[in-house]
Participant: 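Quick one: structure below, then a few questions.
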Amino acid sequence: PKWVLIQQEPRTDKEYQKLQDEQSDEMKMPIEDMKWIDQNAHEFMKIEDEEEENWVMSLYFGGDRARYEKYLDPNQTSVTICL
């Protein structure tokens, strides 16, 4: 298996506003908080096979293999979550 870092790309203010508008009132989060989460929350995802690797590469890296490979954990053994 491989481990790849998944990190949200920065969104536009318009995208954040749309997300906020779609939230119910009791779950509404300030745009500044959404930006902070996107900038600071990271997740390592375990990739088990080629099909899953292709899906992750397509979904999170726009199908760009070179960009995907830059986010692979070189040790491919550890999981770290940074907040």
Side-chain angles (χ1 to χ4, degrees):
K2 299 177 183 179
W3 292 94
V4 64
L5 175 65
I6 304 297
Q7 183 175 5
Q8 175 63 47
E9 293 289 325
R11 303 171 205 237
T12 66
D13 287 341
K14 186 176 180 179
E15 289 173 310
Y16 283 114
Q17 186 62 55
K18 183 178 182 223
L19 286 170
Q20 188 182 53
D21 292 344
E22 293 171 350
Q23 294 172 348
S24 61
D25 287 338
E26 62 271 0
M27 297 297 291
K28 206 165 280 285
M29 182 183 297
I31 290 174
E32 294 77 27
D33 291 351
M34 288 189 277
K35 286 181 180 181
W36 186 92
I37 290 169
D38 285 349
Q39 293 167 353
N40 294 287
H42 313 292
E43 170 190 3
F44 275 93
M45 180 180 279
K46 186 177 184 180
I47 308 299
E48 297 281 353
D49 56 41
E50 188 175 333
E51 182 179 336
E52 187 175 29
E53 182 174 52
N54 289 334
W55 177 80
V56 167
M57 196 179 338
S58 173
L59 182 64
Y60 294 105
F61 300 94
D64 184 340
R65 178 165 285 281
R67 188 168 153 242
Y68 163 78
E69 288 178 353
K70 286 196 287 188
Y71 285 87
L72 286 175
D73 179 358
N75 297 325
Q76 296 181 2
T77 57
S78 63
V79 177
T80 306
I81 297 179
C82 306
L83 293 176

Participant: For Lys28 and Gln20, indicate whether the former's side chain and the latter's backbone hold a donor-acceptor pair under 3.5 Å.
Facilitator: yes
Participant: Measuring only between side-chain heavy atoms, which start at C-beta, is Val56 closer than 4.5 Å to Ile6?
Facilitator: yes
Participant: Taking ring pair (Phe, Tyr, Trp, His ring centres under 6.0 Å) as the test, write out the residues that go with Tyr71, two or more places apart.
Facilitator: Phe61
Participant: Would a 4.5 Å heavy-atom cut-off, applied to side chains only, mark Met45 and Asp73 as touching?
Facilitator: no
Participant: CG of Asn54 to OH of Tyr68: how many Å apart, nearest 0.5 Å?
Facilitator: 8.5 Å
Participant: Quick check: are there more than 12 heavy atoms from other residues, nucleotides or ligands sitting under 6.0 Å from CD of Glu22?
Facilitator: yes
Participant: According to a hydrophobic-cluster definition based on side-chain heavy atoms being under 4.5 Å apart (Ile, Leu, Val, Met, Phe, Trp, Tyr only), do Met27 and Ile37 belong together?
Facilitator: no
Participant: Who passes side-chain contact (heavy atoms from CB on, under 4.5 Å) against Lys14, sequence neighbours left out?
Facilitator: Thr12
Participant: Is a salt bridge present between Lys35 and Asp13, judged by a nitrogen-to-oxygen distance below 4.0 Å?
Facilitator: yes
Participant: First locate atom CD of Glu50, then atom CH2 of Trp55, and finally report the distance between them rounded to the nearest 0.5 Å.
Facilitator: 16.0 Å
Participant: In sequence, state the C-alpha distance, the side-chain angles, and the governing distance for Asp38 and Tyr16, and then conclude on side chain to side chain contact (heavy atoms under 4.5 Å, CB included).
Facilitator: CA-CA 11 Å; Asp38 285 349; Tyr16 283 114; 2.7 Å; yes
Participant: More than 12 non-hydrogen atoms from neighbouring residues, nucleotides or ligands closer than 6.0 Å to CD on Glu48, yes or no?
Facilitator: yes
Participant: With no hydrogens and no angle check, is any side-chain donor or acceptor of Glu53 less than 3.5 Å from a backbone partner on Ile47?
Facilitator: no
Participant: Looking at NZ of Lys46 and NZ of Lys2, how far apart are the two atoms once the value is rounded to the nearest 0.5 Å?
Facilitator: 14.0 Å
Participant: What's the verdict on side chain to side chain contact (heavy atoms under 4.5 Å, CB included) for Met34 and Gln23, showing C-alpha distance, side-chain angles and the deciding distance?
Facilitator: CA-CA 12 Å; Met34 288 189 277; Gln23 294 172 348; 3.7 Å; yes
